[in-house]
Amino acid sequence: MELRSVFDVSIFTLLLISTVQWVAFATSPCHFPAIFNFGDSNSDTGGLSAVFGQAPPPHGESYFHHPAGRYCDGRLIIDFIAKSFGLPYLSAYLDSVGSNFTHGANIATAGSTIRPQNSTLHQSGFSPISLDVQWNEFYDFHRRSQIIRSQGGVYKKLLPKAEDFSHALYTFDIGQNDLTSGYFSNMTSSEVKAYVPDVLDQFKNIVSYIYGQGGRNFWIHNTGPFGCLAYVLERIPISAAEVDRSGCGTPFNEVAQYFNRGLKRVVFQLRKKLPLAAITYVDVYSVKYKLVSQARKHGFNESLRACCGHGGKYNYNRQLGCGAKRTVGGREILVGKSCKDPSEWISWDGVHYTQAANKWIFDQIVDGSFSDPPVPLKMACQRQPVH
């Protein structure tokens, strides 16, 4: 009996130690040495500007005090994500001037879609750098960065280590332009919905490709309520009955939610398909709609009108956007002016959010309250069992 008791105690002790070690591992914050971001203008830190010309003043005025490649008065959600891990703001992959890729790269470009575009940027307003192109850029960067880094010197200081790719956080915020591009091509909501499955299949493929390259930690934002954005409300006519109490277009937001339900199913499929991946689905739609519908409660005086723009119900004009100038009497006059205090506005230019709104959104999602599984950003490397 004595020997049996000692044996039982030993087994119990080992089990207790193992449990404590597992709990400690499961609750210890993740270390992400790098971030690789894929997306559109919601997270572009200079990609489109590097290719097609810098976003003009007053973009960047609230934080950088000069244009910084962002379609915003300051920082984006991806900037706050990087800052939360003590990492520098991500350099745009396409920007060859002053870039440092030691801690990852931002491959997003404004106007990007998941599906490839069949028109030019100037024809449609949508970028040719779709998600499949962004994947090709990342693939090339992954391979070539290590060849160049091996040369030492300054290259070693400006490029990530090989092991950083498997420990990095891979963030995604893309899909909105796939939906609005359909509407801008005079499609109905039903017609836009009809191609959503194909869009999501292509998204699923890209995540799988990145996993095949060693990516393991994925933080995926769903698409926001674009029916609350001036550039949609101004360009696409809807009836008064289709406008909700917050002033947003109900048909557009219903399509956004349809896309998001499909995206959530795709994430579930990816968890089963990619057993070593930690994949977090983040419901930014709910956060953004909450902000727009309760703007004053959260410290904002303007919800739908653009801070930076010119004329119209929403201070939005497609031909005279934020930073636009007119020649009057031989002199250039800035007509796409910024409002007095962007921190009181949610919409920056009728398409994108202000820095203040981006910071508010980040503060809501960072603790995992709007995530599936409900893990905070700092724990996004922890895999969850698939049910």
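The list of salt bridge (charged side-chain N to carboxylate O under 4.0 Å, His left out) pairs with a residue in residues 238-256, not counting sequence neighbours, is empty. Residue pairs satisfying the side chain to side chain donor-acceptor pair (under 3.5 Å) criterion with at least one member in residues 148-170, sequence neighbours excluded, are absent.
In this structure the side chain of Asp372 never reaches within 4.5 angstrom of the side chain of Thr280, judged on heavy atoms. Looking at heavy atoms from C-beta onward, Phe85 lies in side-chain contact with Leu377 at the 4.5 angstrom threshold.
The distance between the ring centers of Phe36 and Phe165 falls below 6.0 angstrom. Aromatic ring centroids of His59 and Tyr71 lie under 6.0 Å apart. Annotation: Phe184 is in aromatic contact with Tyr231 [ring centroid separation under 6.0 Å].
The cluster map of Ile, Leu, Val, Met, Phe, Trp and Tyr, joined by side-chain heavy atoms under 4.5 Å apart, puts Tyr211 and Phe141 in the same cluster. The hydrophobic cluster containing Phe101 does not contain Tyr89, counting ILVMFWY residues as joined when their side-chain heavy atoms lie under 4.5 angstrom apart, directly or transitively.
Remark: the backbone N or O of Cys248 is not paired with any side-chain donor or acceptor of Ser246 at under 3.5 angstrom. Judged by distance alone, the side chain of Asn177 and the main-chain N or O of Ser112 form a donor-acceptor pair under 3.5 Å. Between the His352 side chain and the Ser347 main chain, no donor and acceptor come within less than 3.5 Å of each other. For the pair Thr113 (side chain) and Arg115 (backbone), a donor-acceptor distance under 3.5 Å is present. Formation of a donor-acceptor pair under 3.5 Å by the Asp367 side chain with backbone atoms of Pro376 is not found in this model. The closest donor-acceptor contact from the side chain of Gln146 to the backbone of Ala162 lies under 3.5 Å. A donor-acceptor pair under 3.5 Å links the side-chain atoms of Tyr195 to the main chain of Asp178, judged by distance alone. Between the Thr354 side chain and the Trp345 main chain, a donor and an acceptor come within less than 3.5 Å of each other. Judged by distance alone, the side chain of Ser286 and the main-chain N or O of Asp283 form no donor-acceptor pair under 3.5 Å.
Evaluated for a side chain to side chain donor-acceptor pair (under 3.5 Å) with Asn106, the options Thr171, Asp44, Asp95, Asn37 yield exactly one hit, Asn37.
Closest of all the heavy-atom pairs between Ser371 and Trp219 is OG-CH2, 3.7 Å. The minimum heavy-atom distance between Asn217 and Ala168, with the atom names listed, is ND2-O, 3.1 Å.
Note on ring orientation: taking the six-membered ring where Trp is involved, the planes of Phe38 and Phe138 are perpendicular (angle over 60°, cut-offs 30° and 60°).
Between Cys308 and Cys322, a gap of under 2.5 Å is found separating the two SG atoms.
A salt bridge does not link Lys83 to Asp79: none of the charged side-chain nitrogens sits closer than 4.0 Å to a carboxylate oxygen.
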